[in-house]
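Computed from heavy atoms alone, side chains included, the values below leave out hydrogens, waters and symmetry copies. Just so it is clear: chains get the letters A, B, ... in the order the sequence lines come, proteins before strands, and each one is counted from 1.
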2 protein chains.
Amino acid sequence: MATILLIEDDPGVRRGLQLALSRHGHEVRTAETGEDGLRALGAAACDLVVLDLMLPGISGFEVCRRIRAAGGVPVVMLTARGDDFDVVTGLEAGADDYVVKPAQPTVLDARIRAVLRRSAPSDGVRVHGGLRIDTEALTVTLHDAPVALTPTELRLLLTLSRAPGRVFSRRQLLEEVWEHDYLGDSRLVDNCVQRLRAKIEEHPAAPEYVQTVRGFGYRFGPL
Amino acid sequence: MATILLIEDDPGVRRGLQLALSRHGHEVRTAETGEDGLRALGAAACDLVVLDLMLPGISGFEVCRRIRAAGGVPVVMLTARGDDFDVVTGLEAGADDYVVKPAQPTVLDARIRAVLRRSAPSDGVRVHGGLRIDTEALTVTLHDAPVALTPTELRLLLTLSRAPGRVFSRRQLLEEVWEHDYLGDSRLVDNCVQRLRAKIEEHPAAPEYVQTVRGFGYRFGPL
DNA sequence: CGGGACTGCGACACGACTGCGACACGGCGG
DNA sequence: CCGCCGTGTCGCAGTCGTGTCGCAGTCCCG
């Protein structure tokens with residue numbers, strides 16, 4: 001589902017959560033301290049950070065602020081203390097969500113999925129339902145299974161998913177994806193959409209991701 | 001700060017939260033049931049919905065699903081039950097966040113601000129009464145229920161709603177919507193207006209949105 | 001009060017639009 | 001040199017949208 005960095009100093013909690021999140025289909029890396037976590041983030045990108053507040057060295061709040069300042073990786077905070085001060089300060093520090101320990105794995109997973117669903121457009125990875133589009137690595141996975149797209153199909157998907165919900169006319173797509181000048185109407189776009197659907201849609205007749213708006217063009221996403 | 005719709009059946013809780021959120025700078029409207037809430041959403045747009053789960057009539061989950069299906073208004077759920085089932089199901093239903101009662105006003109406010117910060121500002125949306133027209137996604141909802149319009153009906157509605165109150169002659173509409181230079185009068189516009197009314201008007205005989213100005217043409221909106 | 005003009009409304013047939021499979025061309029690598 | 005893969009073109013079929021027609025109801029004006 002997603003690559004998650006877990007920053008947690010307690011070895012027992014760390015292994016428990018790592019195991020639980022792995023079972024939910026995530027790839028989990030771990031760090032023991034805030035410094036380690038920030039270094040790990042710099043070394044390799046991840047989709048989301050689960051961050052304990054009580055850390056040796058730099059506090060969780062400070063780590064959160066630095067992560068948010070550095071880039072668009074969403075953060076889910078994790079703490080044993082459930083008092084209001086933590087909630088407010090944590091969210092003010094830029095956390096995207098907040099879970100109180102002891103955390104039920106199902107709860108944490110639901111929160112993580114909700115955050116990922118929301119923060120999709122902010123960074124280089126776009127997640128919509130079971131579809132995951134990495135705009136930097138130029139890879140697409142469907143339910144964690146890699147999907148092989150041709151260059152044109154990929155450009156089409158990238159263009160459409162750049163503005164989910166917005167309708168693109170065939171003319172616009174021809175200009176942006178094919179860089180053609182308009183020469184009469186062409187069934188080229190329809191054809192490429194059909195091929196793309198065959199690869200990423202479970203039911204191409206009732207498409208979930210690439211939808212046709214009769215008379216206007218195509219649209220990526222819900223409704 | 002923001003306009004918030006609070007859906008909560010308990011009068012005491014409702015007034016308490018309304019007061020508290022008002023003190024935090026929000027404009028708060030209220031509804032007692034899910035039906036009332038959906039109607040209120042249709043009548044006037046708001047920035048965010050605070051939704052109690054335990055409601056008479058339609059359940060909070062169902063209300064949440066309908067709100068998300070209809071459009072982009074973020075939802076913060078509110079419930080007395082804190083068990084895992086609620087959290088997971090709630091977030092799966094499309095809620096953006098989740099607060100357990102009794103809610104500290106500072107916590108609720110922090111959550112609301114966090115959700116608002118995340119939700120992108122949506123433009124290109126025209127709201128008139130219960131009618132919502134998204135000019136980018138090219139979707140129309142009536143009281144949060146999606147309305148299926150044909151391309152011509154949609155172009156007609158977009159043209160009329162671009163200038164509410166202004167009267168468009170049949171000739172003008174033929175040029176802008178159909179791109180015909182039609183000589184001679186045609187009943188084409190009348191026909192399309194009738195079909196449009198059948199879909200978006202509750203009482204087509206006494207139309208609320210598309211009104212006829214006898215001898216001149218048609219007009220969108222009141223008076 | 002009556003006639004004429006204007007509009008609402010249902011029905012129907014033609015046509016446009018899209019999905020979809022088949023095929024040809026061309027580039028690239030084995 | 002051959003074969004594969006990506007890409008663009010063509011044609012067919014089904015669906016849905018659209019324009020025309022006719023009738024009935026309503027409003028205006030003489």
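Protein atom CZ of B/Arg170 is 16 Å distant from nucleotide atom P of C/dA5, rounded to whole Å. Regarding B/Leu156, its CG atom lies at a distance of 13 Å from the C1' atom of D/dT18, rounded to whole Å. Rounded to a whole Å, the CD atom of B/Glu179 is 12 Å from the P atom of D/dG19. Distance CG (A/Leu149) to C1' (D/dT7): 15 Å, rounded to an integer number of Å. A straight line from CD of B/Glu153 to C1' of D/dG19 spans 13 Å, rounded to a whole angstrom. The distance between atom CZ of B/Arg155 and atom P of D/dG17, rounded to the nearest whole Å, is 13 Å. If you measure from atom CG of B/Leu188 to atom P of C/dG8, you get 14 Å, rounded to the nearest angstrom.
Scanning for side chain to side chain donor-acceptor pair (under 3.5 Å) contacts around A/Thr150 gives A/Glu153, with sequence neighbours left out. Judged as a salt bridge (charged side-chain N to carboxylate O under 4.0 Å, His left out), and not counting sequence neighbours, A/Arg195 has no contacts. In this view, A/Arg15 satisfies the side chain to side chain donor-acceptor pair (under 3.5 Å) rule with no residue, not counting sequence neighbours. In terms of the side chain to side chain donor-acceptor pair (under 3.5 Å) criterion, A/Thr152 has no residue partners (sequence neighbours excluded). Under the rule for a side chain to side chain donor-acceptor pair (under 3.5 Å), the partners of B/Glu202 that lie at least two apart in sequence or sit in another chain are B/His143. Partners of A/Glu35 by side-chain contact (heavy atoms from CB on, under 4.5 Å), not counting sequence neighbours, listed by chain and number: A/Thr33, A/Arg39, A/Ile58. In this structure A/Glu32 satisfies the salt bridge (charged side-chain N to carboxylate O under 4.0 Å, His left out) test together with A/Arg14, sequence neighbours excluded.
A sub-4.0 Å separation between OP1 or OP2 of D/dT7 and a side-chain N or O of A/Thr152 is present. Taking side-chain N and O atoms only, B/Trp178 has a distance below 4.0 Å to OP1 or OP2 of D/dG19. For C/dC6, neither phosphate oxygen OP1 nor OP2 lies less than 4.0 angstrom from any side-chain nitrogen or oxygen of B/Tyr218.
Looking at B/Glu175 and B/Arg170, no side-chain N of the basic residue comes within less than 4.0 Å of a carboxylate O on the acidic one, giving no salt bridge. With salt bridges taken as basic N to acidic carboxylate O contacts below 4.0 Å, none links B/Arg155 and B/Glu179.
Between its opening and closing five pairs, the helix from C/dC1-D/dG30 to C/dG30-D/dC1 changes axis direction by 30°, a value rounded to 10 degrees.
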Check nucleotides 9-11 of chain C for protein N or O atoms closer than 3.5 Å to its own N or O atoms and list the pairs.
{"unit_1": "C/dG10", "atom_1": "O6", "unit_2": "B/Asn191", "atom_2": "ND2", "d": "3.4"}
{"unit_1": "C/dA11", "atom_1": "N6", "unit_2": "B/Arg195", "atom_2": "NH2", "d": "3.4"}

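Distance from the side chain of B/Thr150 is smallest to D/dT18 among D/dT18, D/dG6, C/dT7.
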